[in-house]
Amino acid sequence: MNYILQKYHRSVSNVGLLLAYNLCMQIVKKLGREKMFAMACAFPIIGLIIIAIAGFVAPTNPVFVIIGAGILKFGSGLLTVVGLAMVGYNASLPQQSAATLNGIRIIMIVIPMIFAVISYLIYAKAYKLKGDYLDNMTKELNVIHEA
């Protein structure tokens, strides 16, 4: 990804997050918590789909990547707000409760650690391109390409 595309991607991503943080309560008031949570889950998926399709259809066009990134980050921002609400975060309080701080720690540390362990277990059990298998496959491919 070239520098200009990275700069726009970062800018749009930040705008998406800021919009989500600022619009979340309005969305909840208009649509309700359930629909807002569904949106929060759907937007990152939609953004990633747009980015994936752009990689095949128009890989040199930054517009699709920028749009996809904005939608992805908007959804991520909504999910962040949902997570903070679930642990009782209140921005107007000068000090958060111990339960809220522990909830934030769980969201930021424990849950990502669990997913990292799951990712490693999937890699360790399912990823076959390593060791002798990889060496043999490389040798076979080299023989095919030499012929």
Side-chain angles (χ1 to χ4, degrees), residues 1-25 27-28 31 33-91 93 95-146:
M1 193 181 308
N2 64 34
Y3 173 74
I4 294 171
L5 184 57
Q6 287 177 342
K7 184 173 72 171
Y8 287 123
H9 176 271
R10 229 174 301 137
S11 298
V12 170
S13 295
N14 291 336
V15 169
L17 284 172
L18 290 172
L19 279 173
Y21 296 152
N22 290 306
L23 295 177
C24 185
M25 295 319 295
I27 294 170
V28 169
L31 302 176
R33 290 187 185 278
E34 285 185 35
K35 288 184 181 174
M36 198 281 297
F37 184 69
M39 285 175 53
C41 292
F43 273 96
I45 295 167
I46 293 167
L48 288 170
I49 289 170
I50 291 170
I51 292 169
I53 291 171
F56 290 106
V57 176
T60 59
N61 187 341
V63 174
F64 294 112
V65 174
I66 292 168
I67 292 169
I71 293 170
L72 167 67
K73 289 297 185 169
F74 182 75
S76 297
L78 290 177
L79 284 171
T80 301
V81 173
V82 168
L84 290 172
M86 287 173 61
V87 298
Y89 178 79
N90 184 343
L93 295 177
Q95 178 70 36
Q96 301 300 317
S97 71
T100 298
L101 293 175
N102 285 333
I104 292 170
R105 287 181 186 107
I106 289 169
I107 289 171
M108 294 182 67
I109 299 168
V110 176
I111 293 173
M113 284 173 55
I114 291 168
F115 279 103
V117 168
I118 291 169
S119 296
Y120 175 75
L121 292 173
I122 291 170
Y123 168 79
K125 298 291 182 190
Y127 189 73
K128 303 293 181 201
L129 288 177
K130 55 188 174 188
D132 292 337
Y133 184 78
L134 177 61
D135 294 339
N136 291 335
M137 183 171 287
T138 303
K139 288 175 188 173
E140 289 178 26
L141 288 172
N142 287 336
V143 169
I144 292 170
H145 288 293
E146 288 173 1

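Quick note: numbers below take in every heavy atom, side chains included, and nothing from hydrogens, waters or symmetry partners.
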Interatomic distance, [X] atom [atom1] to [Y] atom [atom2] [nearest 0.5 angstrom]:
| X | Y | atom1 | atom2 | value |
| --- | --- | --- | --- | --- |
| L141 | K139 | CG | NZ | 12.5 Å |
| I109 | N102 | CD1 | CG | 10.0 Å |
| N61 | I66 | CG | CD1 | 8.5 Å |
| L84 | N90 | CG | CG | 11.0 Å |
| I67 | I50 | CD1 | CD1 | 7.0 Å |
| I118 | M113 | CD1 | CE | 12.0 Å |

So, do [X] and [Y] sit near enough that their side-chain heavy atoms are less than 4.5 Å apart?
| X | Y | result |
| --- | --- | --- |
| I27 | L78 | yes |
| Q95 | L101 | yes |
| M39 | L31 | yes |

Determine the minimum heavy-atom distance between [X] and [Y], stating which atoms define it.
| X | Y | value |
| --- | --- | --- |
| I106 | P112 | O-CD, 4.2 Å |
| L79 | P44 | CD1-CG, 4.2 Å |
| V87 | T100 | O-OG1, 3.0 Å |

*Could you tell me which residues satisfy ring-ring contact (aromatic ring centres under 6.0 Å, His included) with Y89, sequence neighbours excluded, listed by chain and number?*
none

Counting only heavy atoms not in [X] (residues, nucleotides, ligands), do more than 12 fall under 6.0 Å from its [atom1]?
| X | atom1 | answer |
| --- | --- | --- |
| K130 | NZ | yes |
| D132 | CG | no |
| F64 | CZ | no |

_side chain to side chain contact (heavy atoms under 4.5 Å, CB included), that's the test. Do Y21 and T80 meet it? Break it down for me._
CA-CA 8 Å; Y21 296 152; T80 301; 4.1 Å; yes

*Where does the angle between the aromatic ring planes of Y123 and Y120 fall among parallel (under 30°), tilted (30 to 60°) and perpendicular (over 60°)?*
tilted

